[in-house]
2 protein chains.
Amino acid sequence: MSTQAPGFLRRFLIGPPIHTERAHHERLSPLLGLPVFSSDALSSVAYATEAILSVLVLHSVLAVHYQFPITIGICCLIVLVVISYQQTIRAYPNGGGSYIVASDNLGETPGLLAGAALLIDYVLTVAVSVAAGVLAITSAYSALHPYLLLMCAACVAVIAWANLRGVRESGAAFAVPTYGFIAGMVVMIVAGVFKASQGVHSAPQITVDQTSTVSMTLLFLVARSFSAGCTALTGIEAVSNGVQAFRAPEPKNAIMTLRIMAVMLVFMFVGTGYLSQHLPSITLFATKNPHYETLVSQIAAWTFGRGTFGYLYIQLATAAILILAANTAFADFPRLASLLSRDGYLPRPLSRQGDRLVFHNGIIALSVAALALIWMYHGELDLLLPLYAVGVFTAFTLSQLGMVQHWRKLQGPGWHAKAFLNGLGAIATAIVTAVIMWTKFVEGAWIVLILLTIFYIAFKATKSRYSNMADQLAIGDNPLSPATGVRSLLLVPRVHRGILKALDVARSLDSKCEAVHVTIDDRKLPEIQREWEAHGGNVPLSILPSPYRSLISPVLEYVDEVLTRDSKQMLVVIVAEAVSTKWYQRLLQENLSAQLKSALGQRQNVAVLTVRYFLV
Amino acid sequence: MSTQAPGFLRRFLIGPPIHTERAHHERLSPLLGLPVFSSDALSSVAYATEAILSVLVLHSVLAVHYQFPITIGICCLIVLVVISYQQTIRAYPNGGGSYIVASDNLGETPGLLAGAALLIDYVLTVAVSVAAGVLAITSAYSALHPYLLLMCAACVAVIAWANLRGVRESGAAFAVPTYGFIAGMVVMIVAGVFKASQGVHSAPQITVDQTSTVSMTLLFLVARSFSAGCTALTGIEAVSNGVQAFRAPEPKNAIMTLRIMAVMLVFMFVGTGYLSQHLPSITLFATKNPHYETLVSQIAAWTFGRGTFGYLYIQLATAAILILAANTAFADFPRLASLLSRDGYLPRPLSRQGDRLVFHNGIIALSVAALALIWMYHGELDLLLPLYAVGVFTAFTLSQLGMVQHWRKLQGPGWHAKAFLNGLGAIATAIVTAVIMWTKFVEGAWIVLILLTIFYIAFKATKSRYSNMADQLAIGDNPLSPATGVRSLLLVPRVHRGILKALDVARSLDSKCEAVHVTIDDRKLPEIQREWEAHGGNVPLSILPSPYRSLISPVLEYVDEVLTRDSKQMLVVIVAEAVSTKWYQRLLQENLSAQLKSALGQRQNVAVLTVRYFLV
């Protein structure tokens, strides 16, 4: 009847619907799984080294030498966490995200905390990765610096759109840039190490934007620097949470992906850390300066020479993988939200798969949250980073504690060794979580803490409301007492074809139907009554006076009167609507029936029957 | 069921409903009629003289001496128009606005043009009067100049609010400022004339903001200056259009009001014109200058001395009556819009009287239009004035031409003299209309011309759509063929108490009722079927598969299939809704039933029955 323009547009952008049976065909090989789930972890080399240095330099230029040991320490942590997570994937082949592992083994509260921590971190992943990706571009083309926020928004929109189309297509579309980035970084590191071995090594000259004198101890600054570098570990969780998305055998493919990812990550992180020590001079995090370039851009310029193909390749590949890193969150946030929603902790629409087999509501929610965050922090990476990694380390700790409990309960072969490994992971990540909270508290970790609390309360409140609703709707042993009867009431503002159609329906449903007319102008009354006599059949017409000229109140009063007379009776109010088919013609029609139906909808034991008559 | 907060707020702001029987008690005596209907005309002395001078000075300082003759010419026009309108009021005791007189006697097109012209002019009255009123205040308190737009918006809001409460209360509330203004102006003119007679008269030094050299002929500038002064005549129409608002005998009271108004207007207009010639120096229309003061402010400062009680009294009284002048339009625009609406030329809601006996939709429409105009012209009076008076003189001319035709058709005693008087008025106002169009065309009259055309087309289109709808709805000789039967279809997403309530209604309405369930997850199907067997009585349950996971499409497809089988059959789709009573609890519920009902509402021969079950 109406034109389907929005539907057409939607089809064009999102693609035709996908049959449920095709769900299994949408699954990923390790080759396609790596770009979908690892870009987050891999891309963190684009900012983690710079984050470490920018904290150390606050103490003194000499403190910069701690950078390399810190990098190595973080790499050990990566290996430990990956080993822990391999066990999780084997134990939870259907997907073992922190939420599931923690709630399975530790109970509701730790599970919900892990879920909340991860949801928050996924939003930060999108915001941080997109902001860093755009900085990689403006490093190479400083003329674009004024459009930073606009470019961030465009990136989020494009990633959301790709994900609304479906996960398989994202895997294919994102494989080339991920592998392109890895290849480019490997070439740069090899070439850079070769160049460094030729020259004479001296400590780089470091420039920082913030020139405030900081009176913190070296220990605190090394700890804070370590915390800053821990952003490199975000994204490891993603694979274990998304085991279901892999091709069978799912656990094997997922573990393979996890291992490739870890090797790549450690190689690139150590490589960029080593090269940063060999640059003649460094500028750190001057994101407001229109000529600011990232540390990776400075390394690439030193290695290949500014403006060369190699330099531009590294910049564009870095931008591409960072922007795709946001995609990791787009693969995982909606999946986690749907789990929480299925368990009743989040609103139900988040667990609905759309006709493209994706959780579209989760994708939309994530986009909106990330855009809001980018907008609040003006897309400034150095402001966003302190919020990051609190959530993911909380989730790591809870998940691995859960695994320890899992092995203890299961008591399978070799459970002591497994529990020891996960326990080691749990202790290490618990310490890191504490360090992050301690060193980043003032800068932003407190915000995450408040958000965690809010999420937890909202989860519990949602769950309790859904249980309450289910109780109220349960049929149980106390069956509904049937209505003592059903009466119908036909509203007759004027006598026309639309009313006659409604009258036809009314009479065939209920032999005792009654018609009512609200009169504002008594002079018009005789004509209405004459017309009703001619066309109304044997249905009696009651006249309701309206001294205050309202067409709605007299109907409501009459309805209330009927209901009061017999509180067990159902009243069906029949509303005839004459509807124009074109929207601009509808502007001329009064919206009284919508108001009336809304008021009737507030009443117990009133059902509203809408009968429409179409005008061309 | 839901809280009635918006209703309480509305009651508090607007007041309790007023019974239709009280309509006659709301009528006005001449004493209260003068403030309601004449503030527009009287207040124009606040800017008309300044408008005349600001045009003349463009030619040369000597041309300023034409100001007094022009003022006298405009006064003669006022007397002529008032005499004409007295005849109109007598001939049309039920209200003889230009729209009625022109359409009665000259036909549809002149009537609609007069109506459109007046509607446009009423909006301009609000914009011009409010802008001038705020300028009167900022003249005295230049610190308020930056808040000009905000003050304009606040004024419009307050006037709209007063009018939404009802016309009688506006009469009472606005009497004091109107009479206060008249008294103040009389005192100022008498005192000023006395002071002028004491001193030596020499032409004033004139400063204008615009210093562009103008190469227009003296004739053109005198004509344009005359046009600018004709803004003094706006508002005379108001009384004749609002005869119904007076106490019986309505025509006598209305004519009395018109005469008092004319005497006052001429006295004040001539008085301020005379005094302006005796000031030592004048500044004209520098509305952007934060220290600008209006001509009336300059006269008052010269007469009483700046900062004296007399000066402040004149400024505040001028501001008050100007802001009330907008009220004239608020009394008449909704009344005219309701006449056009009753005749089918404007949307019907404009002719509905609210529970306070006012045409609330017209009041709201006028407020919005005036605010938009003020915002577009930044509240600058000198930019708004050229748009003004085109409409009102078009309406004058059409109305008086209509009166000539009226007397010719009636041929009553002395009709020749009456027709001559109205004919004289028609010729004079036609000439003035032509002069205004000629001299103000480039500055803004062209906009009014385009708006007139748009209004005319919209009136005709609305009328034609309403006639078309009436034809389609007319029962006529071709009665509706009754439906071959009514089937009902109960939607069962799950089996719960809300569904059982709907089932109860369904069964008592239709013995052949059918239930349908859309299945997304086949595993849950046996449970639903078992529950339905237990509680569904003998109503059969059909299962609709949903391979693309939509809950809506399978229902629509099934409905379309049923309709195709028998195109004369009515299908009642029964939708059970479990509704939370608190809005924040509703956030957790899915909005599927609204989407479904909207899609069903697009189909012929489908009626939707909503049965609600309330959750606490």
Side-chain angles (χ1 to χ4, degrees), chain A residues 1-2 17-21 347-349 352-355 462 465-466 468-469 472-475 479-480 482-483 485-486 495-498 500-501 504-505 508-510 520 535 547-550 570 572 578-580 585 587-588 590 601-604 606-616, chain B residues 1-2 17-21 347-349 352-355 462 465-466 468-469 472-475 479-480 482-483 485-486 495-498 500-501 504-505 508-510 520 535 547-550 570 572 578-580 585 587-588 590 601-604 606-616:
Chain A
M1 195 62 58
S2 76
I18 297 175
H19 201 286
T20 305
E21 283 178 1
R348 295 239 168 84
R352 164 119 359 96
Q353 274 188 317
D355 54 17
T462 304
R465 178 61 192 162
Y466 277 134
N468 181 280
M469 281 166 65
Q472 289 191 59
L473 285 170
I475 295 164
L480 219 63
V486 175
V495 182
H496 58 61
R497 293 179 83 86
L500 295 194
K501 185 175 172 187
D504 192 27
V505 177
S508 65
L509 290 177
D510 173 20
I520 290 180
H535 303 287
Y548 298 105
R549 296 161 307 283
S550 165
M570 275 298 295
V572 176
V579 186
S580 295
Q585 292 176 335
L587 295 180
L588 294 180
E590 299 195 51
Q602 305 298 316
R603 280 163 170 76
Q604 295 269 15
V606 172
V608 177
L609 176 61
T610 309
V611 183
R612 291 188 145 192
Y613 185 84
F614 289 95
L615 302 172
V616 287
Chain B
M1 194 62 57
S2 76
I18 298 174
H19 200 288
T20 305
E21 282 177 2
R348 295 242 166 82
R352 163 124 356 98
Q353 274 188 316
D355 55 16
T462 305
R465 178 61 191 162
Y466 277 133
N468 180 279
M469 282 165 67
Q472 289 189 58
L473 287 169
I475 294 165
L480 218 63
V486 176
V495 183
H496 58 62
R497 293 178 84 86
L500 295 194
K501 185 174 173 187
D504 192 27
V505 177
S508 65
L509 289 177
D510 172 22
I520 289 181
H535 303 286
Y548 299 105
R549 296 160 306 283
S550 165
M570 275 297 295
V572 176
V579 186
S580 294
Q585 292 176 333
L587 294 182
L588 293 181
E590 300 196 50
Q602 304 298 317
R603 282 164 169 76
Q604 294 271 14
V606 172
V608 177
L609 176 61
T610 309
V611 183
R612 291 187 145 192
Y613 185 83
F614 290 95
L615 303 171
V616 287

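Chain letters run A, B, ... following the sequence lines, proteins first, then strands; residues in each count from 1.
The minimum heavy-atom distance between G498(B) and L473(A), with the atom names listed, is N-CD2, 3.9 Å. When all heavy atoms of S580(B) and R465(A) are compared, the closest pair comes out as OG-NH2, 2.7 Å. Here the closest heavy-atom approach between residue R497(A) and residue I475(B) is recorded as NH1-O, 3.3 Å. Closest approach of V505(A) to M570(B), counting heavy atoms only: CG2-CE, 3.6 Å.
Neither the backbone nor the side chain of V579(A) comes within contact range of chain B; no heavy atoms are under 4.5 Å apart. With a 4.5 Å cut-off on non-hydrogen atoms, A474(B) touches chain A through its backbone but not through its side chain. Of the two parts of T610(A), the backbone and the side chain both hold a non-hydrogen atom closer than 4.5 Å to a non-hydrogen atom of chain B.
Remark: side-chain polar atoms of Q472(A) are paired, donor with acceptor, to backbone N or O of V616(B) under 3.5 angstrom.
Rounding to the nearest 0.5 Å places CE of M469(A) at 8.5 Å from NE2 of H496(B).
With chain B as partner, the option from N468(A), T462(A), L609(A) having the largest number of non-hydrogen pairs under 4.5 angstrom is L609(A). The choice from V611(B), L615(B), V606(B) that makes the most heavy-atom pairs within less than 4.5 Å of chain A is L615(B).
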